[in-house]
Each structure stands twice: as C-alpha cells, then as structure tokens.
Amino acid sequence: MKPLNLCTGCRRSIFGTAWSRRAFSSTPRVRQHASTETRPPRGPRPNMTQWIAQRRLQNARVAGAIFSDPHIAPPVIKEGEGVAYFEEHVEEWTKDPKAKQLLLDFGILEKDRDMLLEAYAKAVGSKELSKEPELYQLDRFSEQHFHRFNISVLYCNIFFTWATHPSQRTFLLESLGVEPSTLAHMEKLVEATDRTYMAEEHPVARCLHRKVIMHVGPTNSGKTYHALRALAAASNGVYAGPLRLLAHEIWERLNLGQIAPKGAEDPSFTGTDITDCIDSLPHAAAIKKFGNPKYARLCNMKTGEEQKYVTQDAPLLSCTVEMMPYNYVYDVAVVDEIQMISDTQRGGAWTSAVVGMPAKELHLCGEETAVPVVENLLKGTGDELVINRYERLTPLKVEENSLEGSWANVQKGDCVVAFSRGAIFGIKKKIEAETGLRCAVIYGRLPPEIRSEQAALFNDPDSGYDVLVGSDAIGMGLNLKIRRVVFDALSKMRSGGGLEPLSVSQVKQIAGRAGRFGMQSADEAPGGFVTCLHDIDMDYLFECLATPFSSLDFARIRFDTDSFTKVSQALPEGATTATIIQAHQYVSALPPKLRYHDQELANLPVYDFIDEFGGKLNMAEKVMHIVAPVSWRDPTTVDALKRFMKDSWTRSYVDIGACLKSTAFYDSLVTVERAREAGHALRNPSILLSNMEGLHKAVILYIWMSFRMPVLYSQYDVAADLKERLERALQWSLEKLSDGAKAEHASNRGDRHQMARALKDIVEGRAEWAKVIEQRKGAWTASTGADVGRADRGSRPYIPATTKLAVKLGALTVKGGTSSEP
Ligand SMILES: Nc1ncnc2c1ncn2[C@@H]1O[C@H](COP(=O)(O)OP(=O)(O)OP(=O)(O)O)[C@@H](O)[C@H]1O
C-alpha cells in the first residue's frame with residue numbers, strides 16, 4: 001500500500017465536506033507531526049507509514065533466511081517478479097536442511113532425494129519450468145505472502161508436480177537412476193493429497209443448479225438484512241455465522257418474528273405458516289411481546305457447544321459455519337462474513353460452504369474483497385452468481401484531531417479500541433479516574449455470553465455505563481451503539497511475537513462500527529466518527545480509510561478425516577501427526593487461489609502432543625482433537641486437554657470435577673463466589689478474571705467434546721453448570737472493577753432477561769428424549785463397542801440431553817463414540 005500523504009483538501013474530497021465535526025465548532029488547529037518535541041507522553045511511537053516501509057525493507061534483506069527460520073516473514077515479491085524470484089532462490093530451498101528432512105519424513109530415500117533436488121534446481125535454474133507457468137501455477141510467487149513458510153511450501157509443491165509429471169519419468173528413471181519405488185511412492189502421495197477437483201467432493205450440491213447471491217459492501221450497509229429477509233421467507237433454510245453469539249441472535253430473532261420476510265410489504269401477505277398455531281407454542285407470549293407474530297418462524301440452533309431445538313422438525317436452522325449440515329437440501333442458505341473465507345484458521349469452513357452447501361439459493365454476505373475468490377471457486381461448480389452491492393447506510397466521518405494523548409477527552413458513547421487485555425483494563429481504569437465515566441469491556445478471551453452482557457450494558461442508556469473499551473472483538477457480531485471509535489493504537493502483537501500494523505480491512509471493520517444504522521437516539525444525527533488517541537497515528541488512519549479494499553488472495557481449505565486417512569496411508573508407517581499435516585500442505589495440488597489453513601503449520605509442535613497423549617485415538621478422533629477449539633497458546637486449555645486425555649486412559653469417562661477442580665483456576669472461581677456472597681471487594685481481580693477466563697475455555701472444550709464423544713465426555717450437565725457459575729462470577733467481577741457502577745444492574749436487566757427466559761422455555765422437555773435414548777441404546781452398544789463397555793464398567797453412561805435430542809432428530813450419527821460432525 002502506498003503511503004497517501006493527504007493534505008486537508010484531499011481528505012475533504014475523500015470523506016465529503018462535513019468530515020470533521022470539530023472543524024465546524026472550532027478553528028482547525030495546526031496538525032502536529034512526528035518530531036522529538038511533539039512526542040506523545042507514552043514514549044516513542046513510530047509513524048505507522050514509515051514503520052511499515054522499514055519492515056518491508058527488513059523482510060527483503062532476510063529473503064535468504066526464510067526457509068529455515070519460521071519467525072522471519074517472507075519477502076513481498078512485486079507483481080511480475082515472481083518467476084524471477086522462483087528461479088533465483090531455488091537452490092537455497094534445495095539446500096535447506098528443513099526441506100531435506102521433510103522429504104525424508106515423506107518417505108523419499110536419501111540417495112534419491114539428493115539426486116532429485118539437484119535435478120530440480122537445475123531444471124528451475126535453466127528456466128525449464130517457467131515455460132509452463134500454468135502447470136506449476138507460478139503466479140503464486142507474486143501473491144502477497146504475509147504468512148510464514150509459504151514460499152517453502154510452494155517450492156515443495158512444485159517439486160512434487162515436476163517429479164511426478166509423466167514427461168519427467170524417463171529422464172528421472174533412466175538418466176538419473178532414481179528408484180522406481182521412490183517415484184511410485186511420490187505418485188501415491190500426490191494422488192492422496194490431490195484436491196484439484198474439490199467441487200466434486202460435494203455430490204449433493206453438484207446435483208443442484210444453485211443460484212449464489214453475494215451481498216457485498218462496507219459495514220453497516222444492510223447486507224445481512226436483505227439475506228435474512230430471504231431466509232425468513234423461505235420454506236426451509238439455514239443461517240451460518242462466524243460466532244455462536246451471532247447464531248444465537250439470529251435464532252432468537254427468527255423465532256420471535258423480528259425479521260420481516262421478503263414480500264411482507266405485499267398487502268396479500270397473511271403471515272407465516274405457523275401463524276395459525278402460535279397460541280399453542282410455548283413461546284407465544286414472548287412472540288407477542290418482543291416480535292411480530294405474523295413473521296415468527298420455527299428455528300433450531302446448533303453451534304459447536306450448544307444445541308437448541310424448538311421443535312423436532314423446525315424448518316429453519318441457525319448455526320456456526322463449522323456446524324452447517326451438508327446432508328439436507330435447503331431452499332435458502334445464508335453464510336455471513338464471507339471475507340472470513342481467507343481466515344488462516346477457519347477459512348476452510350467458508351470454502352466448504354461456498355462449494356458444497358446444498359441450497360437452491362445461497363446468500364453470501366460480507367466484504368467486496370471476497371468476490372474474486374468466490375468467483376474462482378464457482379468456476380468449478382457451474383452455479384449462477386449474482387452480485388448485489390450496497391453502500392453504507394449512515395456516514396462515517398474521520399475527526400481531524402486525535403484525543404491528543406489524553407483520556408480526559410473521552411466522551412459518552414465512545415468505544416476505545418486497544419489490542420491487549422492488559423491495555424484494555426489499564427485504559428478502563430484511566431478513563432474512569434480522569435472522566436468519571438464508567439466503562440464496559442469486550443475482548444476476545446471473554447466468553448461470548450459475557451461479551452454480549454457487556455454490550456447490553458453499554459447500549460442501555462440507564463445502566464450507568466457510558467464508554468466501551470474493547471479489542472478488535474468488537475468488530476464482528478455485536479450491535480453496538482457506538483458514536484465514536486477511538487483507536488488506542490494501530491498496531492497489535494503478531495502471533496510469533498513483535499508488533500504488526502492493523503490491516504486496511506481490520507481498520508475499516510473496526511472504524512465502521514461507529515454510527516450503526518437504527519441504533520441512534522432520536523435526538524442524534526445519524527452517523528459515526530473515528531479518531532485515534534495520538535496524533536501520530538492519524539495519518540495511517542486516514543490512509544487506511546481512504547484505501548480501497550484489495551481483493552483477498554486466496555480462500556482456505558481444511559483437511560478432514562477422509563484426506564487425513566488417505567494421506568497417512570500414503571506415508572511411511574508410523575508417520576507422526578505433524579508429518580501427515582505437512583504432507584497436506586507441502587504436496588497437495590489445489591485449484592488456483594486456494595491454500596490450506598496456515599494454522600496447521602503454525603501448530604506443528606502441538607501435534608506432537610496429539611501423538612504423545614492420543615496414542616489410543618483412531619483417525620477420526622485424532623482429527624477431532626486437531627480441530628477442537630483448543631487455544632494452543634493458552635496453557636490452561638492445553639493443560640485441561642492433557643488432563644482430559646489422561647483421565648480417559650484411567651477411567652471409563654472423563655470426570656470434569658477430577659480434572660479441573662484441583663487447579664488454581666478453579667480456586668479463583670471459588671474465591672470470587674465467596675467474595676460475592678459475602679459482599680467483599682476482590683483482591684487481584686485481574687488475575688482472578690484471567691484464571692476464570694482460562695477455566696471457561698477448558699469447560700467449553702469439555703462441552704464441545706461431549707457433543708462428539710458423549711460416552712467418554714459424559715458429564716455435560718456438570719460442565720454446563722460450571723459454565724454458568726463461571727459466567728456469573730466473570731460478570732460480577734467485571735462489574736466490581738467499575739466501582740460506583742450499578743452492580744446490581746446485571747441481575748435485573750428487565751426485558752432482555754425476560755426474553756432470554758421465555759426462549760429457554762421453548763426448548764423441549766427432556767422426558768421425551770429419554771425414551772428415544774432407551775430405544776437407541778441397543779444400536780449404540782453394538783456400534784460403540786469398547787467405549788460403551790468401558791463406560792458400563794465404571795458408571796452408567798450418561799448421554800448429554802442435547803446430544804440425545806440431536807440423535808433423535810437424526811442430526812448426529814453416533815458411531816464409534818464419535819459423531820460424524822466436523
Ligand atoms: N432497509 C432497511 N430497513 C430497515 N433497517 C435496515 C435496513 N437495512 C439495514 N437495516 C438495519 O441496519 C442495521 C445494519 O444492517 P446489517 O446488519 O444488515 O448491515 P451489514 O452490512 O450486514 O453490517 P455488518 O457487516 O456491520 O454486520 C441492522 O440493524 C439492520 O436491521
């Protein structure tokens with residue numbers, strides 16, 4: 001991105017004439033620029049634009065070291081210079097010890113490996129491969145590589161394509177003397193990893209001629225609104241979003257009739273097909289109080305950790321993208337936040353939905369950036385694509401001035417964005433001390449339920465909370481009444497260490513949360529504002545907001561049990577989990593603009609853990625543990641997983657109490673509960689909070705497992721109780737941090753809670769499930785074999801209620817103690 005040194009006049013033309021509210025009320029002051037004299041009080045902060053330029057230069061200098069050092073970012077290769085780079089650096093890759101070891105791990109004999117690498121380097125160096133750029137997809141070298149390891153992956157990938165191409169066969173076998181068994185082995189590996197025709201992996205979707213409708217535009221432009229109206233009008237359908245918070249919200253809104261179906265404006269519209277029987281529904285009162293009975297739809301909900309069934313055969317389903325069902329044909333499917341298709345850890349779930357969702361009408365909502373990759377994926381499916389583009393519904397204005405480094409300038413309705421938990425609590429403390437305003441907090445480690453509570457406190461004008469301090473977690477899934485977004489900084493810690501600037505997309509997403517349509521009070525002009533704490537960050541803010549979105553480079557793909565099994569069979573016996581995953585990445589032939597999740601490579605040490613602790617797991621269970629929601633950088637959840645696995649060896653079931661109650665994290669919960677009962681203040685609230693957040697993640701992991709291995713992880717109810725206790729304690733602790741705020745507010749939040757209770761009632765009773773479970777038990781015993789046997793020896797196997805219902809609905813197939821869910 002080129003730095004845009006915008007003068008005031010240019011900014012006006014970009015953001016419109018009314019871009020600064022302060023400009024109207026006061027004489028514009030002379031902007032201060034970075035210098036030692038004007039340095040903000042927090043210490044030296046580099047100008048973002050200069051800093052990015054410096055980092056790119058550093059990256060270019062270390063190009064030679066990229067293959068071996070995972071912490072060095074690959075260089076940015078300019079468009080058109082990719083092929084030259086490929087040819088110039090090939091020898092470095094062929095001599096890289098890690099690349100050599102990898103090929104040995106893949107089962108290539110040392111002698112053959114060295115001959116092949118030498119021949120490959122010669123062939124590339126002599127421009128032989130550049131004559132067929134399409135076969136080797138050499139344009140991949142010009143893509144923007146901000147992800148570690150990618151260049152090494154490309155070299156290896158092209159190496160396999162070259163070595164197994166029929167045109168090389170005679171040369172490699174006869175002239176070079178490579179063993180035929182080595183070539184046969186490489187061919188087997190290439191075949192096992194081949195995903196070139198991934199569209200064909202979804203035969204049900206391929207039988208339909210789908211209409212794919214993309215709703216694209218900036219935040220707050222009504223994209224989801226239009227897609228949801230189509231869903232509310234469909235005779236059956238599914239909504240899939242990135243967060244369980246979002247799945248829950250849409251579930252609530254559909255059941256309560258808060259989404260007007262497409263066509264409701266038509267005078268002949270009489271209501272949905274449940275209008276006649278609304279009075280007999282358990283949530284009739286809630287529908288009448290909180291929604292429009294004419295629009296109410298029956299909708300179930302399914303996330304990784306939670307399932308809510310309003311009725312056995314509800315025509316609609318709201319879920320998280322990973323939980324999308326692929327075994328039914330729907331009339332309408334809505335997939336939200338489609339730009340997440342390139343997410344390095346979860347993007348594969350969006351790719352599968354785009355290619356394989358069996359829906360006659362598939363709505364994809366999100367940023368314009370995703371259009372090219374979706375177009376590319378749909379080339380392989382033959383579906384029809386329609387693109388609807390939207391504009392922001394309310395203006396977003398950039399303020400001319402920063403807060404000049406002072407928290408005293410924070411106002412009611414502001415949302416301050418910072419990028420570490422420590423910074424968030426520090427800022428909250430300062431704002432409360434300097435302004436007397438009260439701050440709610442939202443950050444990624446906080447459970448979604450608590451994030452939602454904190455958002456409700458901020459939105460409620462009578463709660464006593466005026467300001468929100470949050471991380472980029474505010475960027476998605478929450479309807480927030482933000483008047484102005486204030487960036488504390490425009491850089492954040494990268495996962496491998498060190499700071500990195502926020503991307504244009506991140507800045508736009510976060511800034512765009514200000515001035516949400518329909519969230520303003522009647523006396524406020526529509527629209528939102530954005531600024532920074534420090535003057536020095538303002539140029540980068542302007543630059544990001546003035547930069548058009550650049551398209552996503554690629555969509556992500558994930559491995560599944562099938563590919564994992566195939567690849568492990570093609571590798572030498574005893575290949576480690578890490579090697580199986582690397583083979584997917586380094587060998588696989590993919591359609592253009594597709595990449596495996598980076599997560600898989602970043603987590604390699606973690607897979608040793610699966611080998612060490614998961615010795616008794618079968619392939620499907622291994623994959624399940626790999627994709628489980630474990631924050632591998634969070635020692636609490638990793639430790640919890642270890643305890644769960646060890647417990648499963650020694651006991652017939654995983655005892656959540658035995659695993660978690662002896663930890664310091666559980667002690668923190670007890671300490672907070674005692675303080676709450678006694679009405680005492682908290683000592684070290686930050687540590688207590690952090691411990692409880694970790695424990696919450698461990699409990700969520702247990703619940704996630706209990707849906708997939710219900711016999712082994714049999715204490716769903718105990719885990720659910722613990723989760724609720726933790727959420728109450730977390731919420732109370734956060735409120736305690738704001739002395740003077742209305743602590744009792746959370747326990748008496750009026751309508752919102754009434755509505756939540758009413759919706760809880762609509763989930764069917766458990767007696768009916770128990771009957772079904774009895775009927776199914778025989779079949780289970782036969783199919784689960786050892787697992788049920790083990791459970792029977794210990795204690796009566798307990799199947800979580802929600803799993804029972806899912807089984808009853810045929811939504812889960814319980815086999816080998818594991819569901820067939822992703
Ligand atoms: N035509 C409309 N009439 C009434 N309300 C609308 C209309 N379009 C959008 N809204 C409301 O405006 C708000 C923003 O819309 P929506 O959530 O669809 O935007 P979006 O572009 O998907 O935003 P984001 O990407 O930020 O989630 C919502 O509260 C939605 O109900």
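Read the numbers this way: they start at 1 and go in the same order the structure lists the ligands and their atoms. Heavy-atom basis, side chains included; hydrogens, waters and symmetry copies ignored.
- Look at Gly217 and you'll find every heavy atom at least 4.0 Å from all atoms of ligand 1.
- Ligand 1 has no N or O atom lying under 3.5 Å from any N or O atom of Thr219, backbone or side chain.
- Ring geometry for Tyr326 against His202 counts as tilted: the plane angle lies between 30° and 60°, on a 0 to 90° scale.
- Between Ile287 and Asn255 the shortest side-chain heavy-atom distance does not fall below 4.5 Å.
- Scanning Thr394, Thr224, Leu246 for the heavy atom closest to atom 22 (O) of ligand 1 points to Thr224.
- When non-hydrogen atoms are compared, ligand 1 lies under 4.0 Å from neither the backbone nor the side chain of His226.
- Between the side chains of Glu735 and Gln731, at least one donor-acceptor pair of N or O atoms lies under 3.5 Å.
- Listed by chain and number, the residues in a side-chain contact (heavy atoms from CB on, under 4.5 Å) with Thr219 are Arg392, Gln509, Arg513 (sequence neighbours excluded).
- Side chain to side chain, Ser402 and Asp537 fail the donor-acceptor criterion of an N or O pair below 3.5 Å.
- In terms of polar-atom proximity, defined here as any N/O pair under 3.5 Å, Leu393 makes no such contact with ligand 1.
- At least one heavy atom of Pro218 sits less than 4.0 Å from an atom of ligand 1.
- Heavy-atom proximity to Arg513, at under 4.0 Å, picks out these atoms of ligand 1: 24 (P), 26 (O).
- Checking Asn220, Val216, Ile259 against atom 24 (P) of ligand 1, the nearest heavy atom belongs to Asn220.
- Taking the six-membered ring where the residue is Trp, the centroids of Tyr225 and His215 are separated by 6.0 Å or more.
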Side-chain donor-acceptor pairs of residues 260-270 under 3.5 Å, sequence neighbours excluded:
unit_1, atom_1, unit_2, atom_2, d
Glu265, OE1, Arg229, NH2, 3.3
Glu265, OE1, Gly263, N, 3.4
Glu265, OE2, Arg229, NH1, 2.8
Glu265, OE2, Arg229, NH2, 2.5
Asp266, OD1, Ser268, N, 3.0
Asp266, OD1, Ser268, OG, 3.0
Asp266, OD2, Ser268, OG, 3.4

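- Comparing heavy-atom distances from atom 17 (O) of ligand 1 across Lys223, His215, Arg516 singles out Arg516 as nearest.
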